Each structure stands twice: as C-alpha cells, then as structure tokens.
Amino acid sequence: MIVYRLITNYSRRGRAGRKAGQGRMNKTVGIVGLGIMGGAIARNLLERGWTVIGSDIDLAKRAELASAGVVIAADIKQLARETEIIMTSLPSAAAADAVAHDIVASGEPRRIVVELSTLAIADKLRFRDILEKAGHIALDCPLSGTGAQAKTRDLVVYASGNSDAIARCAPLFSDFAKQAADLGAYGNGSRMKFVANHLVAIHNVATAEAMVLAERAGLDAKLVVDMVGPGAGGSRMFQMRAPMMVERSYEPATMKVSTWKKDMAIIAEFADEVGCDTPLFNLTQPVYSKAMEMGLGDQDTASVFEVLKKTIVADNKPASREPKNTAGETR
C-alpha cells in the first residue's frame with residue numbers, strides 16, 4: 001500500500017508553519033528543458049518572483065524564454081553552479097542520462113534534482129543512481145496535466161523519493177501546480193502517472209468517438225461540448241479536447257501525438273511488468289498509430305478525431321437530418 005502525504009497549497013498557508021530557525025527559501029531554480037511543459041512552468045515561476053535559470057538544446061526556445069526573463073545558462077554545469085534545486089523536463093531517457101552526467105561533472109555539492117518527465121521506471125532508477133553516486137538527491141516527480149494546463153498552474157505533482165527534499169520543494173511546487181503529494185518511495189510518482197495516463201489515453205479516444213457520433217446524429221457540436229462536459233459523461237479530457245475537435249484545430253499542441261506514443265509504450269510495458277491486462281487501453285493504441293500514419297505526429301492528440309472520422313463512419317448510412325421542432329421548422 002502506498003502511503004502518501006498531501007503537500008498542496010503551501011503558499012496559501014504561508015511560511016508561519018516552518019520550524020523555528022528555518023530561513024526564507026532561496027527562490028532560485030534551474031529548469032533543464034524549456035519545451036511545452038518546462039517553458040510554461042518557467043513563466044509561472046517568474047510571475048511568482050522566482051529567478052529561473054534555464055537550459056535547452058533548442059536555440060529558439062532559449063531565445064523565447066530569455067525574452068520572458070529566464071536567465072539562460074551556457075551549459076548544464078553552469079546551471080548546476082547557480083542553483084541548489086534543478087528541475088528536468090526532458091523528451092527521452094537518453095536526454096535524462098546526459099543531463100544527470102553533466103550535473104555530476106559540474107563538481108558541485110549536493111543538488112536536489114526534480115525529474116518531471118514521463119520515463120520508464122528503469123530509466124528513472126538509472127537517473128537516480130547516476131546522481132546519488134555523486135552525492136546528489138534525485139526525486140521522481142512526474143506531472144499530471146497538459147501543456148495548456150501547465151500555463152494555468154492546473155497541474156498535479158506526483159512526488160516520490162527523499163521526503164525531506166520533497167518538503168523543501170513544497171513552496172516551489174505550489175507556485176506552478178495546484179496540488180502535490182509525497183507518494184513515498186522513489187518511483188511511486190511514475191507509477192501514479194502511468195495510471196493517470198492510462199485513463200487519459202482512453203478518455204481522449206472516447207471523446208473523439210462521442211463527437212463523431214454526435215456529428216452523425218445531427219447534433220450541434222458546440223452544444224454537445226457545453227452540455228455533455230459538465231454532466232455525468234464528461235471528463236477533463238472531454239472538456240479540454242472536444243472543443244479542439246469541434247474546431248478541427250490541433251495546434252499548438254498541448255500534447256503531441258508523437259510524444260504520446262512514447263508515453264503509451266511506457267504504460268504498456270509497466271502494465272506487463274505488474275501482470276495486469278489493459279484491454280481498453282490496448283484498443284486505443286491502433287488509433288494513435290493511425291494518427292501517426294496520417295502525418296498527425298506534431299498535432300495535438302485531439303487529432304484522433306480525424307482518425308475516427310475516417311474509420312468508424314458507415315459510409316452507406318447518411319448522417320441524421322437536423323431535428324425539427326413542434327412547428328415543423330428546422331431548429
């Protein structure tokens with residue numbers, strides 16, 4: 001059983017609850033990876049008075065975030081010299097390994113390194129081992145939420161690892177997320193994230209199927225969004241992705257299909273490792289694969305609507321006509 005401790009709403013409680021003798025936290029943080037998630041988090045932290053030192057291999061992202069106020073480090077070693085807490089938001093295990101080795105190579109004393117990415121458990125453990133051998137503390141803290149949610153601080157931090165280090169990061173988490181929890185042993189954060197993403201995969205495809213069904217039934221798509229979303233059949237994914245499906249506009253992506261396919265492979269591997277069949281999750285995988293085949297890899301995952309429009313509509317059956325009111329006039 002996982003025992004967890006909520007650490008949400010730290011900032012609203014203020015600092016009165018700190019132990020006597022604890023000074024004000026140094027509001028400087030490093031962020032490695034300034035993409036969809038890292039960039040949004042950096043902007044929110046800047047707005048809340050943090051000094052953010054950033055790094056990214058993409059020149060355009062570095063320039064964009066520098067114009068917003070992020071101090072761009074020359075390299076990871078410099079970033080590690082400037083701050084005691086470093087967050088990493090990275091696209092792959094190889095990138096995580098490289099960053100961990102660079103932090104070690106900096107020769108700096110103990111740093112808390114908060115790994116936010118969605119990676120396999122084995123990759124997270126390797127990341128931890130690289131850092132711990134050099135005296136650093138690694139935390140496994142994946143995020144629940146999309147890039148759009150990150151912009152509005154509508155994220156949940158699944159924190160796991162050293163509890164003292166997690167507690168120290170509480171004010172940091174509260175300035176870019178709505179909720180965080182200490183989930184105990186390192187790796188539990190990723191396990192929780194996999195369960196959450198399992199549901200996201202299903203809800204996103206279910207939303208697309210429902211919107212195709214509504215369209216074929218002749219319903220006003222925008223009215224479907226307004227009425228189904230708040231009801232018993234609604235979900236966060238429906239509320240976020242159905243409007244994109246109505247507009248058939250999938251950029252800028254809050255989660256690219258190509259990135260999501262990587263995440264789904266990790267979830268499938270995890271489910272296999274723990275001995276759990278996932279029949280509903282498995283049924284969604286061909287839909288995302290087809291989206292890739294259709295060239296939608298850089299589009300938001302809401303673009304699975306386009307896949308289902310091509311694959312589940314019975315062409316020999318015309319869409320329903322618009323319903324008529326009691327006066328016989330088309331509504």
Side-chain angles (χ1 to χ4, degrees), residues 35-37 40 91 117-118 142-151 154-155 193-271 277-315 317 319-320:
I36 293 174
M37 299 297 287
S117 317
T118 302
L143 306 172
S144 179
T146 66
Q149 288 174 283
K151 291 179 180 179
D154 186 21
L155 297 174
K193 176 64 183 288
F194 300 157
V195 172
N197 274 7
H198 164 275
L199 287 169
V200 169
I202 295 168
H203 288 309
N204 188 54
V205 172
T207 294
E209 181 175 290
M211 292 307 294
V212 172
L213 176 63
E215 181 182 87
R216 296 294 291 178
L219 294 172
D220 182 302
K222 291 183 178 180
L223 190 59
V224 172
V225 171
D226 291 342
M227 300 307 296
V228 172
S235 67
R236 290 301 299 273
M237 283 302 99
F238 184 92
Q239 292 171 342
M240 294 180 60
R241 298 272 163 70
M244 301 176 75
M245 296 172 187
V246 172
E247 298 297 330
R248 302 184 73 175
S249 176
Y250 311 112
E251 290 183 305
T254 64
M255 170 59 76
K256 293 182 179 179
V257 174
S258 56
T259 303
W260 185 243
K261 281 290 292 176
K262 179 266 293 182
D263 290 359
M264 291 188 72
I266 292 171
I267 297 167
E269 179 183 351
F270 168 70
D277 289 336
T278 53
L280 291 179
F281 175 79
N282 293 345
L283 286 172
T284 71
Q285 296 217 44
V287 181
Y288 293 104
S289 295
K290 184 65 175 178
M292 292 291 292
E293 292 174 14
M294 290 171 57
L296 301 173
D298 288 333
Q299 304 286 304
D300 192 272
T301 53
S303 62
V304 295
F305 177 76
E306 303 301 327
V307 174
L308 295 189
K309 276 183 67 70
K310 290 180 177 294
T311 58
I312 69 172
V313 171
D315 291 333
K317 295 183 179 180
S320 297

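Starting from 1, each residue takes its place in the sequence as its number. This structure is a prediction, so every number in the text was calculated from the model and none was measured.
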Enquirer: Taking the side chain as every heavy atom from C-beta outward, state whether L308 and M211 have any pair of such atoms under 4.5 Å apart.
Expert: no
Enquirer: Within the supplied structure, the quantity of interest is the number of heavy atoms (other residues, nucleotides, ligands) at a distance under 6.0 Å from Q285 CD; does it exceed 12?
Expert: yes
Enquirer: Do L155 and M37 pass the side chain to side chain contact (heavy atoms under 4.5 Å, CB included) test, and can you show the C-alpha distance, the side-chain angles, and the key distance before you say yes or no?
Expert: CA-CA 10 Å; L155 297 174; M37 299 297 287; 3.8 Å; yes
Enquirer: Work out which heavy atom in Y288 is nearest to a heavy atom in K261; give both atom names and the distance.
Expert: CB-CD, 3.7 Å
Enquirer: State the NE2-CZ distance between H203 and F238, to the nearest 0.5 angstrom.
Expert: 12.5 Å
Enquirer: Roughly how far apart are M227 CE and D220 CG, rounded to 0.5 Å?
Expert: 11.5 Å
Enquirer: Considering only heavy atoms from C-beta outward, does the side chain of V313 approach that of E215 to under 4.5 Å?
Expert: no
Enquirer: Mind listing the closest non-hydrogen atom pair of L143 and K193 along with its distance?
Expert: O-NZ, 2.8 Å
Enquirer: Tell me the closest heavy-atom pair linking V225 and P230, and the distance in Å.
Expert: O-CD, 4.2 Å
Enquirer: Under the side chain to side chain contact (heavy atoms under 4.5 Å, CB included) criterion, do F281 and I267 qualify, and how do the steps go?
Expert: CA-CA 9 Å; F281 175 79; I267 297 167; 3.8 Å; yes
Enquirer: Between V257 and A291, which heavy-atom pair has the shortest distance, and what is it?
Expert: CG1-CB, 4.0 Å
Enquirer: Does atom NZ of K290 have more than 12 heavy-atom neighbours, drawn from other residues, nucleotides or ligands, at distances under 6.0 Å?
Expert: no
Enquirer: I'd like to check the side chain to side chain donor-acceptor pair (under 3.5 Å) partners of T207; sequence neighbours left out, ordered by chain and number.
Expert: none
Enquirer: Locate the shortest heavy-atom distance separating S303 from Q299; write the atom from each residue and the value.
Expert: OG-CB, 3.9 Å
Enquirer: Pick out which of M240, M245, K256, M244 makes a side-chain contact (heavy atoms from CB on, under 4.5 Å) with D300.
Expert: M244
Enquirer: Distance check, rounded to the nearest 0.5 Å: N282 atom CG versus I202 atom CD1?
Expert: 9.0 Å
Enquirer: Regarding K309 and E306, does a basic nitrogen lie under 4.0 Å from an acidic carboxylate oxygen?
Expert: no
Enquirer: CD of Q149 to CZ of R236: how many Å apart, nearest 0.5 Å?
Expert: 5.0 Å
Enquirer: Could you tell me the separation between the CG atom of D226 and the NZ atom of K222, rounded to the nearest 0.5 Å?
Expert: 9.5 Å
Enquirer: Looking at N204 and T301, would you say the former's side chain and the latter's main chain have a donor-acceptor pair under 3.5 Å?
Expert: yes
Enquirer: Between I36 and G147, what is the shortest heavy-atom contact and its length?
Expert: CG2-CA, 3.4 Å
Enquirer: If you round to the nearest 0.5 Å, how far is CG of D154 from OG1 of T146?
Expert: 8.0 Å
Enquirer: State, yes or no, whether a side-chain contact exists between T284 and M264 at a heavy-atom distance under 4.5 Å.
Expert: yes
